[in-house]
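Numbers here are sequence positions counted from 1. Any value given below was found using the heavy atoms of this structure, including those in side chains, with hydrogens, waters and symmetry copies removed. Note that ligands are numbered from 1 as they come in the structure, with each ligand's atoms numbered from 1 the same way. These numbers come from a predicted model, not from an experiment.
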Amino acid sequence: MSSGTPTRQRVAFGHPLADRQRVVVVGQGYVGLPAARAAVDAGHAVVGYDIDTAKIAALRAGQSPIDDLTDADIASMLASGRYQPTADPADLAGFQVALVTVPTPLREGHPDLGAVIAAASVLAEHVTPSALVVLESTVAPGTTDGEFRATLERNAAGCTVDNGQLLVGFSPERIDPGNTRWHFANTPKLVAGADGASRAAVRQFYSTICDTVVTCPSPATAEMAKLLENTYRHVNIALVNELGRHAHELGVSIWDVLDAAATKPYGFQRFNPGPGVGGHCLPVDPAYLSDRIERSLGRPFDFVDLAMRVNAAQPRYVFDRVTALLNNHRIAVNGASVLVLGLAYKANSGDTRETPTNSLIQLLCRNGASVSVCDPLVRDLPAQLERDYPGVKPIAPADVLDAAQLADLCVLVTDHDEFDYAAISEAARRVLDTRNRCATAAHVQKL
Ligand SMILES: NC(=O)c1ccc[n+]([C@@H]2O[C@H](COP(=O)([O-])OP(=O)(O)OC[C@H]3O[C@@H](n4cnc5c(N)ncnc54)[C@H](O)[C@@H]3O)[C@@H](O)[C@H]2O)c1
(Lines give C-alpha, C1' and ligand atoms only; values in the text may rest on other atoms or scores of the structure.)
Protein backbone atom coordinates (compact mmCIF):
# COMPACT_ATOMS: atom_id res chain seq x y z
CA MET A 1 0.00 0.00 0.00
CA SER A 2 1.38 3.41 -0.83
CA SER A 3 0.40 6.75 0.62
CA GLY A 4 0.87 10.12 -0.94
CA THR A 5 -0.49 13.56 -1.79
CA PRO A 6 0.08 15.21 1.59
CA THR A 7 -1.71 18.35 0.46
CA ARG A 8 -4.90 18.74 -1.45
CA GLN A 9 -4.77 19.90 -5.05
CA ARG A 10 -7.02 22.80 -5.89
CA VAL A 11 -8.79 22.07 -9.16
CA ALA A 12 -7.48 24.37 -11.85
CA PHE A 13 -8.69 25.08 -15.33
CA GLY A 14 -6.21 24.14 -17.99
CA HIS A 15 -4.50 21.33 -16.10
CA PRO A 16 -5.13 18.17 -18.13
CA LEU A 17 -5.91 15.93 -15.14
CA ALA A 18 -7.04 18.28 -12.42
CA ASP A 19 -9.58 20.06 -14.59
CA ARG A 20 -12.95 20.91 -13.15
CA GLN A 21 -15.10 17.82 -13.53
CA ARG A 22 -18.78 17.08 -13.78
CA VAL A 23 -19.28 14.94 -10.68
CA VAL A 24 -22.36 12.97 -9.75
CA VAL A 25 -22.89 11.89 -6.15
CA VAL A 26 -25.53 9.17 -5.96
CA GLY A 27 -27.16 9.26 -2.51
CA GLN A 28 -27.42 12.54 -0.59
CA GLY A 29 -27.13 11.25 2.97
CA TYR A 30 -24.60 11.24 5.81
CA VAL A 31 -21.83 10.17 3.42
CA GLY A 32 -22.93 11.66 0.10
CA LEU A 33 -23.57 15.22 1.24
CA PRO A 34 -20.15 15.88 2.83
CA ALA A 35 -18.56 14.37 -0.30
CA ALA A 36 -20.71 16.62 -2.49
CA ARG A 37 -19.72 19.64 -0.44
CA ALA A 38 -16.01 18.80 -0.66
CA ALA A 39 -16.33 18.46 -4.45
CA VAL A 40 -18.22 21.77 -4.73
CA ASP A 41 -15.57 23.48 -2.57
CA ALA A 42 -12.84 22.07 -4.82
CA GLY A 43 -14.46 23.69 -7.85
CA HIS A 44 -16.20 20.68 -9.39
CA ALA A 45 -19.75 20.93 -10.76
CA VAL A 46 -21.77 18.50 -8.66
CA VAL A 47 -25.06 16.77 -9.35
CA GLY A 48 -26.46 15.41 -6.08
CA TYR A 49 -28.79 12.60 -7.11
CA ASP A 50 -31.19 10.84 -4.73
CA ILE A 51 -34.38 8.82 -5.20
CA ASP A 52 -35.88 10.45 -2.10
CA THR A 53 -37.85 13.29 -3.67
CA ALA A 54 -38.72 14.86 -0.30
CA LYS A 55 -35.01 15.04 0.58
CA ILE A 56 -34.20 16.62 -2.78
CA ALA A 57 -36.98 19.21 -2.32
CA ALA A 58 -35.57 20.06 1.14
CA LEU A 59 -32.03 20.37 -0.24
CA ARG A 60 -33.25 22.63 -3.02
CA ALA A 61 -34.89 24.77 -0.34
CA GLY A 62 -31.55 25.00 1.46
CA GLN A 63 -32.38 22.57 4.30
CA SER A 64 -29.77 20.12 5.50
CA PRO A 65 -31.01 16.63 6.42
CA ILE A 66 -27.82 15.74 8.37
CA ASP A 67 -26.10 17.02 11.52
CA ASP A 68 -22.70 17.57 9.94
CA LEU A 69 -23.88 20.18 7.43
CA THR A 70 -25.92 23.23 8.41
CA ASP A 71 -28.64 24.87 6.36
CA ALA A 72 -26.12 27.63 5.69
CA ASP A 73 -23.70 25.03 4.22
CA ILE A 74 -26.38 23.81 1.82
CA ALA A 75 -27.32 27.40 0.95
CA SER A 76 -23.71 28.22 0.13
CA MET A 77 -23.36 25.09 -2.01
CA LEU A 78 -26.46 26.16 -3.95
CA ALA A 79 -25.24 29.75 -4.18
CA SER A 80 -21.96 28.58 -5.73
CA GLY A 81 -23.95 27.52 -8.80
CA ARG A 82 -22.01 24.23 -8.74
CA TYR A 83 -24.47 22.09 -6.77
CA GLN A 84 -27.62 20.66 -8.32
CA PRO A 85 -29.74 18.39 -6.11
CA THR A 86 -31.96 16.22 -8.28
CA ALA A 87 -34.17 13.14 -8.34
CA ASP A 88 -34.21 13.04 -12.13
CA PRO A 89 -31.84 10.39 -13.59
CA ALA A 90 -31.67 12.40 -16.83
CA ASP A 91 -29.49 14.92 -14.94
CA LEU A 92 -26.74 12.28 -14.67
CA ALA A 93 -25.96 12.69 -18.37
CA GLY A 94 -22.40 13.61 -19.22
CA PHE A 95 -20.82 12.82 -15.85
CA GLN A 96 -17.06 12.35 -15.70
CA VAL A 97 -16.87 11.10 -12.13
CA ALA A 98 -19.61 9.36 -10.14
CA LEU A 99 -19.47 8.53 -6.42
CA VAL A 100 -21.95 5.98 -5.12
CA THR A 101 -22.93 6.58 -1.49
CA VAL A 102 -26.17 4.62 -1.12
CA PRO A 103 -27.19 2.47 1.87
CA THR A 104 -25.94 -1.08 2.32
CA PRO A 105 -28.27 -2.45 4.99
CA LEU A 106 -28.99 -5.98 6.12
CA ARG A 107 -32.14 -7.80 5.07
CA GLU A 108 -33.00 -10.66 7.40
CA GLY A 109 -29.42 -10.62 8.64
CA HIS A 110 -27.83 -10.73 5.18
CA PRO A 111 -26.23 -7.98 3.04
CA ASP A 112 -28.68 -6.17 0.80
CA LEU A 113 -26.91 -4.75 -2.26
CA GLY A 114 -30.16 -3.61 -3.87
CA ALA A 115 -29.38 0.13 -3.71
CA VAL A 116 -25.79 -0.36 -4.91
CA ILE A 117 -26.92 -2.38 -7.91
CA ALA A 118 -29.74 0.09 -8.66
CA ALA A 119 -27.22 2.96 -8.54
CA ALA A 120 -24.80 1.12 -10.84
CA SER A 121 -27.62 0.37 -13.30
CA VAL A 122 -28.77 3.97 -13.55
CA LEU A 123 -25.21 5.30 -13.86
CA ALA A 124 -24.34 2.75 -16.56
CA GLU A 125 -26.94 4.28 -18.85
CA HIS A 126 -24.98 7.54 -18.75
CA VAL A 127 -21.43 6.22 -19.00
CA THR A 128 -19.31 7.89 -21.65
CA PRO A 129 -15.75 6.80 -22.54
CA SER A 130 -13.26 7.35 -19.67
CA ALA A 131 -15.96 7.98 -17.06
CA LEU A 132 -14.85 7.08 -13.52
CA VAL A 133 -17.36 5.37 -11.20
CA VAL A 134 -16.35 4.96 -7.55
CA LEU A 135 -18.23 2.95 -4.95
CA GLU A 136 -18.05 4.50 -1.48
CA SER A 137 -20.73 2.42 0.25
CA THR A 138 -19.46 -0.19 2.69
CA VAL A 139 -19.49 -3.59 0.97
CA ALA A 140 -18.02 -7.09 1.26
CA PRO A 141 -14.60 -7.76 -0.28
CA GLY A 142 -14.95 -8.52 -3.97
CA THR A 143 -18.12 -6.46 -4.53
CA THR A 144 -16.58 -3.58 -6.52
CA ASP A 145 -14.73 -5.88 -8.90
CA GLY A 146 -17.68 -8.31 -8.90
CA GLU A 147 -21.36 -7.36 -8.87
CA PHE A 148 -20.75 -3.59 -9.09
CA ARG A 149 -18.41 -3.66 -12.08
CA ALA A 150 -20.47 -6.36 -13.83
CA THR A 151 -23.66 -4.27 -13.51
CA LEU A 152 -21.89 -1.21 -14.94
CA GLU A 153 -20.32 -3.12 -17.82
CA ARG A 154 -23.55 -4.94 -18.69
CA ASN A 155 -25.40 -1.68 -19.26
CA ALA A 156 -22.67 0.74 -20.36
CA ALA A 157 -22.97 0.42 -24.15
CA GLY A 158 -19.70 -1.41 -24.70
CA CYS A 159 -17.58 0.56 -22.25
CA THR A 160 -15.58 -1.87 -20.10
CA VAL A 161 -12.58 -1.71 -17.81
CA ASP A 162 -10.65 -4.07 -20.05
CA ASN A 163 -11.16 -1.97 -23.21
CA GLY A 164 -10.10 1.13 -21.29
CA GLN A 165 -13.42 2.97 -21.72
CA LEU A 166 -14.60 2.59 -18.14
CA LEU A 167 -12.75 3.36 -14.91
CA VAL A 168 -14.00 1.69 -11.73
CA GLY A 169 -12.81 2.32 -8.19
CA PHE A 170 -13.60 1.85 -4.53
CA SER A 171 -13.02 4.36 -1.77
CA PRO A 172 -14.56 3.58 1.62
CA GLU A 173 -16.01 6.43 3.61
CA ARG A 174 -14.68 6.82 7.14
CA ILE A 175 -16.77 9.78 8.15
CA ASP A 176 -17.68 9.94 11.84
CA PRO A 177 -20.84 12.08 12.14
CA GLY A 178 -20.57 14.57 14.99
CA ASN A 179 -16.75 14.41 15.09
CA THR A 180 -15.50 17.98 14.94
CA ARG A 181 -11.80 17.14 14.64
CA TRP A 182 -11.86 14.57 11.85
CA HIS A 183 -14.04 15.28 8.86
CA PHE A 184 -14.28 14.37 5.18
CA ALA A 185 -11.29 16.38 3.96
CA ASN A 186 -8.72 15.71 6.70
CA THR A 187 -9.38 12.00 7.27
CA PRO A 188 -6.95 9.95 5.15
CA LYS A 189 -8.86 8.47 2.21
CA LEU A 190 -8.26 4.92 1.03
CA VAL A 191 -8.60 4.48 -2.73
CA ALA A 192 -8.32 1.51 -5.08
CA GLY A 193 -9.00 0.82 -8.74
CA ALA A 194 -10.11 -2.17 -10.78
CA ASP A 195 -6.97 -1.75 -12.94
CA GLY A 196 -3.97 0.57 -13.19
CA ALA A 197 -5.82 3.29 -15.13
CA SER A 198 -8.73 3.21 -12.70
CA ARG A 199 -6.33 3.38 -9.75
CA ALA A 200 -4.60 6.45 -11.19
CA ALA A 201 -7.92 8.17 -11.95
CA VAL A 202 -9.48 7.53 -8.57
CA ARG A 203 -6.33 8.70 -6.83
CA GLN A 204 -6.23 11.82 -8.98
CA PHE A 205 -9.85 12.69 -8.30
CA TYR A 206 -9.67 12.26 -4.52
CA SER A 207 -6.48 14.28 -4.32
CA THR A 208 -8.64 17.26 -5.36
CA ILE A 209 -11.02 16.85 -2.41
CA CYS A 210 -9.05 15.14 0.40
CA ASP A 211 -5.84 16.12 2.18
CA THR A 212 -4.29 12.65 2.19
CA VAL A 213 -4.96 9.84 -0.26
CA VAL A 214 -3.74 6.30 0.46
CA THR A 215 -3.68 3.89 -2.46
CA CYS A 216 -4.53 0.24 -1.81
CA PRO A 217 -3.37 -2.55 -4.12
CA SER A 218 -6.91 -3.69 -4.96
CA PRO A 219 -10.56 -2.81 -4.28
CA ALA A 220 -10.87 -5.98 -2.16
CA THR A 221 -8.06 -4.70 0.10
CA ALA A 222 -9.82 -1.37 0.64
CA GLU A 223 -13.19 -3.07 1.09
CA MET A 224 -11.79 -5.40 3.73
CA ALA A 225 -9.81 -2.60 5.43
CA LYS A 226 -13.03 -0.65 5.94
CA LEU A 227 -14.77 -3.71 7.38
CA LEU A 228 -11.77 -4.44 9.63
CA GLU A 229 -11.91 -0.90 11.04
CA ASN A 230 -15.54 -1.26 12.07
CA THR A 231 -15.22 -4.89 13.16
CA TYR A 232 -12.25 -3.95 15.35
CA ARG A 233 -14.37 -1.35 17.08
CA HIS A 234 -17.36 -3.66 17.36
CA VAL A 235 -15.33 -6.54 18.85
CA ASN A 236 -13.56 -4.29 21.36
CA ILE A 237 -16.83 -2.72 22.50
CA ALA A 238 -18.23 -6.23 22.96
CA LEU A 239 -15.18 -7.14 25.04
CA VAL A 240 -15.72 -4.27 27.49
CA ASN A 241 -19.50 -4.76 27.49
CA GLU A 242 -19.09 -8.38 28.56
CA LEU A 243 -16.32 -7.60 31.02
CA GLY A 244 -18.48 -4.82 32.46
CA ARG A 245 -21.22 -7.31 33.30
CA HIS A 246 -18.77 -9.63 35.05
CA ALA A 247 -17.03 -6.74 36.83
CA HIS A 248 -20.34 -5.46 38.20
CA GLU A 249 -21.13 -8.83 39.74
CA LEU A 250 -17.62 -9.04 41.16
CA GLY A 251 -18.13 -5.65 42.78
CA VAL A 252 -15.51 -3.90 40.62
CA SER A 253 -16.22 -0.73 38.63
CA ILE A 254 -15.45 -1.31 34.94
CA TRP A 255 -14.86 2.45 34.63
CA ASP A 256 -12.14 2.38 37.29
CA VAL A 257 -10.62 -0.63 35.54
CA LEU A 258 -10.59 1.23 32.22
CA ASP A 259 -9.11 4.38 33.78
CA ALA A 260 -6.34 2.26 35.25
CA ALA A 261 -5.63 0.21 32.10
CA ALA A 262 -5.67 3.31 29.90
CA THR A 263 -2.63 4.71 31.68
CA LYS A 264 -0.53 2.16 29.76
CA PRO A 265 1.12 4.27 27.05
CA TYR A 266 1.34 1.45 24.47
CA GLY A 267 -0.46 -1.74 23.49
CA PHE A 268 -3.85 -0.72 24.88
CA GLN A 269 -6.64 1.29 23.28
CA ARG A 270 -9.58 2.28 25.41
CA PHE A 271 -13.13 1.35 24.42
CA ASN A 272 -16.07 2.05 26.70
CA PRO A 273 -19.06 -0.09 27.55
CA GLY A 274 -22.50 1.34 26.87
CA PRO A 275 -26.14 0.53 26.24
CA GLY A 276 -25.37 -1.29 22.94
CA VAL A 277 -24.21 -0.25 19.49
CA GLY A 278 -26.22 1.56 16.82
CA GLY A 279 -26.05 3.55 13.62
CA HIS A 280 -25.51 2.45 10.07
CA CYS A 281 -22.08 0.93 10.62
CA LEU A 282 -21.33 -1.09 13.76
CA PRO A 283 -24.44 -3.29 13.91
CA VAL A 284 -24.30 -3.85 10.14
CA ASP A 285 -20.79 -3.86 8.69
CA PRO A 286 -19.30 -6.85 10.55
CA ALA A 287 -22.13 -8.94 9.08
CA TYR A 288 -20.91 -8.02 5.57
CA LEU A 289 -17.54 -9.55 6.45
CA SER A 290 -18.83 -12.65 8.21
CA ASP A 291 -21.41 -13.29 5.49
CA ARG A 292 -18.73 -13.16 2.77
CA ILE A 293 -16.45 -15.49 4.76
CA GLU A 294 -19.29 -17.92 5.43
CA ARG A 295 -20.42 -17.95 1.79
CA SER A 296 -16.96 -18.14 0.23
CA LEU A 297 -15.14 -20.32 2.74
CA GLY A 298 -17.98 -22.22 4.37
CA ARG A 299 -16.97 -21.36 7.90
CA PRO A 300 -18.08 -18.79 10.46
CA PHE A 301 -16.11 -15.72 11.50
CA ASP A 302 -16.29 -16.61 15.20
CA PHE A 303 -15.12 -13.26 16.62
CA VAL A 304 -17.79 -11.34 14.73
CA ASP A 305 -20.56 -13.76 15.65
CA LEU A 306 -19.68 -13.56 19.35
CA ALA A 307 -19.35 -9.75 19.33
CA MET A 308 -22.71 -9.40 17.60
CA ARG A 309 -24.37 -11.61 20.20
CA VAL A 310 -22.78 -9.71 23.10
CA ASN A 311 -23.58 -6.23 21.78
CA ALA A 312 -27.11 -7.15 20.69
CA ALA A 313 -27.82 -8.37 24.24
CA GLN A 314 -26.61 -5.15 25.87
CA PRO A 315 -29.98 -3.28 25.89
CA ARG A 316 -31.49 -6.32 27.65
CA TYR A 317 -28.64 -6.12 30.19
CA VAL A 318 -29.41 -2.43 30.80
CA PHE A 319 -33.06 -3.33 31.27
CA ASP A 320 -32.07 -6.03 33.80
CA ARG A 321 -30.04 -3.41 35.68
CA VAL A 322 -33.07 -1.07 35.64
CA THR A 323 -35.21 -3.87 37.09
CA ALA A 324 -32.66 -4.70 39.80
CA LEU A 325 -32.15 -1.06 40.73
CA LEU A 326 -35.89 -0.40 41.07
CA ASN A 327 -36.35 -3.67 42.90
CA ASN A 328 -33.79 -2.59 45.51
CA HIS A 329 -36.13 0.32 46.24
CA ARG A 330 -39.20 -1.93 46.31
CA ILE A 331 -40.44 -0.47 43.02
CA ALA A 332 -41.80 -2.70 40.28
CA VAL A 333 -40.98 -1.87 36.67
CA ASN A 334 -44.70 -2.24 36.05
CA GLY A 335 -46.03 1.22 36.86
CA ALA A 336 -42.63 2.86 37.41
CA SER A 337 -41.93 6.14 35.66
CA VAL A 338 -38.66 6.03 33.74
CA LEU A 339 -37.03 9.00 32.03
CA VAL A 340 -34.72 7.93 29.20
CA LEU A 341 -32.05 10.51 28.43
CA GLY A 342 -31.05 10.21 24.78
CA LEU A 343 -32.63 8.47 21.80
CA ALA A 344 -29.79 8.92 19.29
CA TYR A 345 -27.31 6.07 19.04
CA LYS A 346 -24.27 8.22 19.73
CA ALA A 347 -23.21 11.35 21.58
CA ASN A 348 -23.77 14.76 19.99
CA SER A 349 -25.70 13.34 17.04
CA GLY A 350 -29.41 13.29 16.30
CA ASP A 351 -29.12 10.04 14.32
CA THR A 352 -31.50 7.38 15.67
CA ARG A 353 -30.84 4.68 13.07
CA GLU A 354 -30.47 1.24 14.70
CA THR A 355 -30.28 2.93 18.09
CA PRO A 356 -30.01 0.48 20.99
CA THR A 357 -32.37 2.76 22.94
CA ASN A 358 -35.09 1.30 20.74
CA SER A 359 -34.85 -2.15 22.41
CA LEU A 360 -34.57 -0.62 25.86
CA ILE A 361 -37.72 1.48 25.41
CA GLN A 362 -39.60 -1.52 24.05
CA LEU A 363 -38.59 -3.67 27.02
CA LEU A 364 -39.60 -0.93 29.46
CA CYS A 365 -42.98 -0.40 27.77
CA ARG A 366 -43.68 -4.11 27.42
CA ASN A 367 -43.10 -4.50 31.14
CA GLY A 368 -45.52 -1.75 32.09
CA ALA A 369 -43.20 1.19 32.75
CA SER A 370 -44.39 4.68 32.00
CA VAL A 371 -41.61 5.97 29.74
CA SER A 372 -40.60 9.48 28.75
CA VAL A 373 -37.68 10.46 26.52
CA CYS A 374 -35.57 13.60 26.22
CA ASP A 375 -33.11 14.09 23.37
CA PRO A 376 -32.20 17.68 22.52
CA LEU A 377 -30.59 16.65 19.22
CA VAL A 378 -33.34 14.57 17.66
CA ARG A 379 -35.11 17.18 15.60
CA ASP A 380 -38.52 15.54 15.29
CA LEU A 381 -38.60 13.74 18.66
CA PRO A 382 -42.38 14.03 19.31
CA ALA A 383 -43.18 12.77 15.79
CA GLN A 384 -40.65 9.92 16.02
CA LEU A 385 -41.99 8.82 19.40
CA GLU A 386 -45.58 8.96 18.20
CA ARG A 387 -44.67 6.88 15.16
CA ASP A 388 -42.35 4.30 16.74
CA TYR A 389 -43.28 4.23 20.42
CA PRO A 390 -46.94 5.11 20.93
CA GLY A 391 -47.57 6.15 24.54
CA VAL A 392 -43.98 7.28 25.18
CA LYS A 393 -43.89 10.92 26.19
CA PRO A 394 -41.42 13.41 24.67
CA ILE A 395 -39.75 15.77 27.13
CA ALA A 396 -38.57 19.16 25.88
CA PRO A 397 -34.96 19.98 26.87
CA ALA A 398 -36.20 22.90 28.97
CA ASP A 399 -38.34 20.52 31.05
CA VAL A 400 -35.73 17.83 31.65
CA LEU A 401 -34.97 18.75 35.29
CA ASP A 402 -38.66 18.74 36.25
CA ALA A 403 -39.08 15.38 34.51
CA ALA A 404 -35.97 14.00 36.25
CA GLN A 405 -37.36 15.07 39.61
CA LEU A 406 -40.67 13.30 39.00
CA ALA A 407 -39.31 10.05 37.53
CA ASP A 408 -38.66 6.98 39.64
CA LEU A 409 -35.52 6.48 37.60
CA CYS A 410 -33.48 8.37 34.98
CA VAL A 411 -31.53 6.18 32.57
CA LEU A 412 -28.71 8.02 30.85
CA VAL A 413 -28.39 6.33 27.46
CA THR A 414 -26.79 8.88 25.10
CA ASP A 415 -24.12 11.19 26.49
CA HIS A 416 -24.80 14.41 24.59
CA ASP A 417 -22.69 17.34 25.79
CA GLU A 418 -25.91 19.35 25.92
CA PHE A 419 -27.16 17.48 28.99
CA ASP A 420 -26.26 19.17 32.27
CA TYR A 421 -25.19 16.06 34.16
CA ALA A 422 -24.61 17.77 37.51
CA ALA A 423 -28.05 19.37 37.47
CA ILE A 424 -29.76 16.20 36.28
CA SER A 425 -28.21 14.04 38.99
CA GLU A 426 -29.02 16.63 41.59
CA ALA A 427 -32.66 16.73 40.50
CA ALA A 428 -33.12 12.99 39.97
CA ARG A 429 -34.21 10.51 42.59
CA ARG A 430 -32.26 7.66 41.03
CA VAL A 431 -29.95 7.44 38.03
CA LEU A 432 -28.63 4.54 36.00
CA ASP A 433 -25.71 6.02 34.07
CA THR A 434 -24.64 3.82 31.13
CA ARG A 435 -21.98 6.33 29.97
CA ASN A 436 -20.12 7.31 33.14
CA ARG A 437 -20.99 10.99 32.82
CA CYS A 438 -22.54 11.63 36.26
CA ALA A 439 -20.47 12.15 39.39
CA THR A 440 -20.43 9.28 41.86
CA ALA A 441 -23.30 9.54 44.38
CA ALA A 442 -25.40 7.17 46.46
CA HIS A 443 -28.38 7.51 44.13
CA VAL A 444 -26.31 7.11 40.93
CA GLN A 445 -25.51 3.63 39.65
CA LYS A 446 -23.16 3.06 36.76
CA LEU A 447 -23.07 0.28 34.24
N1 LIG B 1 -23.28 7.24 8.18
C2 LIG B 1 -22.03 6.93 8.44
O3 LIG B 1 -21.50 7.33 9.47
C4 LIG B 1 -21.20 6.09 7.48
C5 LIG B 1 -19.81 6.10 7.62
C6 LIG B 1 -19.04 5.37 6.74
C7 LIG B 1 -19.66 4.61 5.76
N8 LIG B 1 -21.02 4.59 5.64
C9 LIG B 1 -21.60 3.80 4.56
O10 LIG B 1 -21.97 4.69 3.50
C11 LIG B 1 -23.15 4.22 2.83
C12 LIG B 1 -24.21 5.30 2.87
O13 LIG B 1 -24.55 5.56 4.22
P14 LIG B 1 -25.30 6.87 4.69
O15 LIG B 1 -25.15 6.91 6.18
O16 LIG B 1 -24.85 8.04 3.89
O17 LIG B 1 -26.81 6.53 4.30
P18 LIG B 1 -28.03 7.57 4.22
O19 LIG B 1 -29.25 6.75 4.41
O20 LIG B 1 -27.79 8.73 5.11
O21 LIG B 1 -27.97 8.12 2.73
C22 LIG B 1 -28.14 7.30 1.64
C23 LIG B 1 -29.00 8.01 0.62
O24 LIG B 1 -29.06 7.20 -0.55
C25 LIG B 1 -30.37 7.34 -1.12
N26 LIG B 1 -30.62 6.22 -2.02
C27 LIG B 1 -31.01 4.95 -1.73
N28 LIG B 1 -31.08 4.22 -2.85
C29 LIG B 1 -30.73 5.05 -3.88
C30 LIG B 1 -30.61 4.88 -5.28
N31 LIG B 1 -30.84 3.69 -5.86
N32 LIG B 1 -30.25 5.94 -6.03
C33 LIG B 1 -30.02 7.14 -5.45
N34 LIG B 1 -30.09 7.35 -4.11
C35 LIG B 1 -30.44 6.32 -3.34
C36 LIG B 1 -31.27 7.40 0.09
O37 LIG B 1 -32.53 7.99 -0.24
C38 LIG B 1 -30.45 8.23 1.06
O39 LIG B 1 -30.76 9.61 0.97
C40 LIG B 1 -23.52 2.93 3.53
O41 LIG B 1 -22.90 1.86 2.86
C42 LIG B 1 -22.90 3.08 4.91
O43 LIG B 1 -22.63 1.84 5.51
C44 LIG B 1 -21.80 5.34 6.47
Starting from [atom], locate the nearest protein heavy atom and write down its residue, its atom name and how far away it is, to 0.1 Å.
atom	result
atom 3 (O) of ligand 1	P177 CD, 3.2 Å
atom 21 (O) of ligand 1	G29 CA, 3.3 Å
atom 27 (C) of ligand 1	P103 CD, 3.4 Å
atom 34 (N) of ligand 1	I51 N, 3.5 Å
atom 9 (C) of ligand 1	T138 OG1, 3.4 Å
atom 42 (C) of ligand 1	H280 ND1, 3.7 Å
atom 6 (C) of ligand 1	E173 O, 3.1 Å
atom 10 (O) of ligand 1	V31 CG2, 3.4 Å

Under 4.0 Å from a heavy atom of [X]: give me the atoms of ligand 1 that qualify, with their elements.
X	value
V26	32 (N), 33 (C)
Y49	32 (N), 33 (C)
I175	3 (O), 5 (C)
K55	38 (C), 39 (O)
T104	40 (C), 41 (O), 43 (O)
A115	28 (N), 31 (N)
A118	31 (N)
K226	6 (C), 7 (C)

**Asked** Aromatic rings F271 and Y232: how do their planes relate, parallel, tilted or perpendicular, breaks at 30° and 60°?
**Response**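 Perpendicular.
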**D433 vs R321, salt bridge (Lys or Arg N to Asp or Glu O under 4.0 Å): CA-CA, chis, key distance, verdict** = CA-CA 11 Å; D433 177 0; R321 291 285 301 272; over 6 Å; no
Does any N/O atom on [X] come nearer than 3.5 Å to any N/O atom on ligand 1?
X	answer
Y30	yes
R353	yes
R174	no

**Item:** Option from V161, T143, T144, T160 for which side chain to side chain contact (heavy atoms under 4.5 Å, CB included) with R149 holds
**Value:**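 Per the side chain to side chain contact (heavy atoms under 4.5 Å, CB included) rule, the option paired with R149 is V161, out of V161, T143, T144, T160.
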**Request:** Only one of L190, V139, T138, V191 passes side chain to side chain contact (heavy atoms under 4.5 Å, CB included) with P172; say which it is.
**Result:**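 Answer to the side chain to side chain contact (heavy atoms under 4.5 Å, CB included) test with P172 among L190, V139, T138, V191: L190.
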**Item:** Test item: side-chain donor near acceptor, D375 and H416, under 3.5 Å
**Value:**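 Yes, because at least one side-chain N or O of D375 sits under 3.5 Å from a partner of the opposite role on H416.
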**Item:** Distance-only donor-acceptor check, side chains Y389 and N358, under 3.5 Å
**Value:**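 The criterion, which ignores hydrogens and geometry beyond distance, is satisfied for N358 and Y389.
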**Item:** Any donor-acceptor N/O pair, N179 side chain to W182 backbone, under 3.5 Å
**Value:**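 The answer is yes, because a donor-acceptor pair under 3.5 Å joins these two groups.
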**Request:** Examine distances only and state if a side-chain atom of S64 and a backbone atom of I74 form a donor-acceptor pair shorter than 3.5 Å.
**Result:**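 Side chain of S64 to backbone of I74, a donor-acceptor pair under 3.5 Å: no, none is there.
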**Request:** Quick one: list whatever passes salt bridge (Lys or Arg N to Asp or Glu O under 4.0 Å) with E136, sequence neighbours left out.
**Result:**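 Only K189 meet the salt bridge (Lys or Arg N to Asp or Glu O under 4.0 Å) criterion with E136.
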**Request:** Quick one: pull up CG in N436 and CG in L447 and give me the separation to the nearest 0.5 Å.
**Result:**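 Reported value, rounded in 0.5 Å steps: 9.5 Å.
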**Fill in**
Note: C281, heavy atoms under 4.0 Å from ligand 1, region reported as side chain
**Prompt:** With a distance cut-off below 6.0 Å to the six-membered ring centre and an angular limit of 45° from the axis, does R245 pair with Y317 as a cation-pi contact?
**Reply:**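 Ring-cation test returns yes.
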Under 3.5 Å, which donor-acceptor pairs link side chains of residues 125-133 to any protein atom two or more places apart or in another chain?
residue: H126; atom: NE2; partner: P89; partner atom: O; Å: 3.2

**Prompt:** Got a sec: does the CE of M224 have more than 12 other heavy atoms crowding it under 6.0 Å?
**Reply:**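 Atom CE in M224 is not packed in, count stays at 12 or less.
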**Prompt:** When you measure from atom 38 (C) of ligand 1 to each heavy atom in D52, T53, D50, which option holds the nearest one?
**Reply:** D50
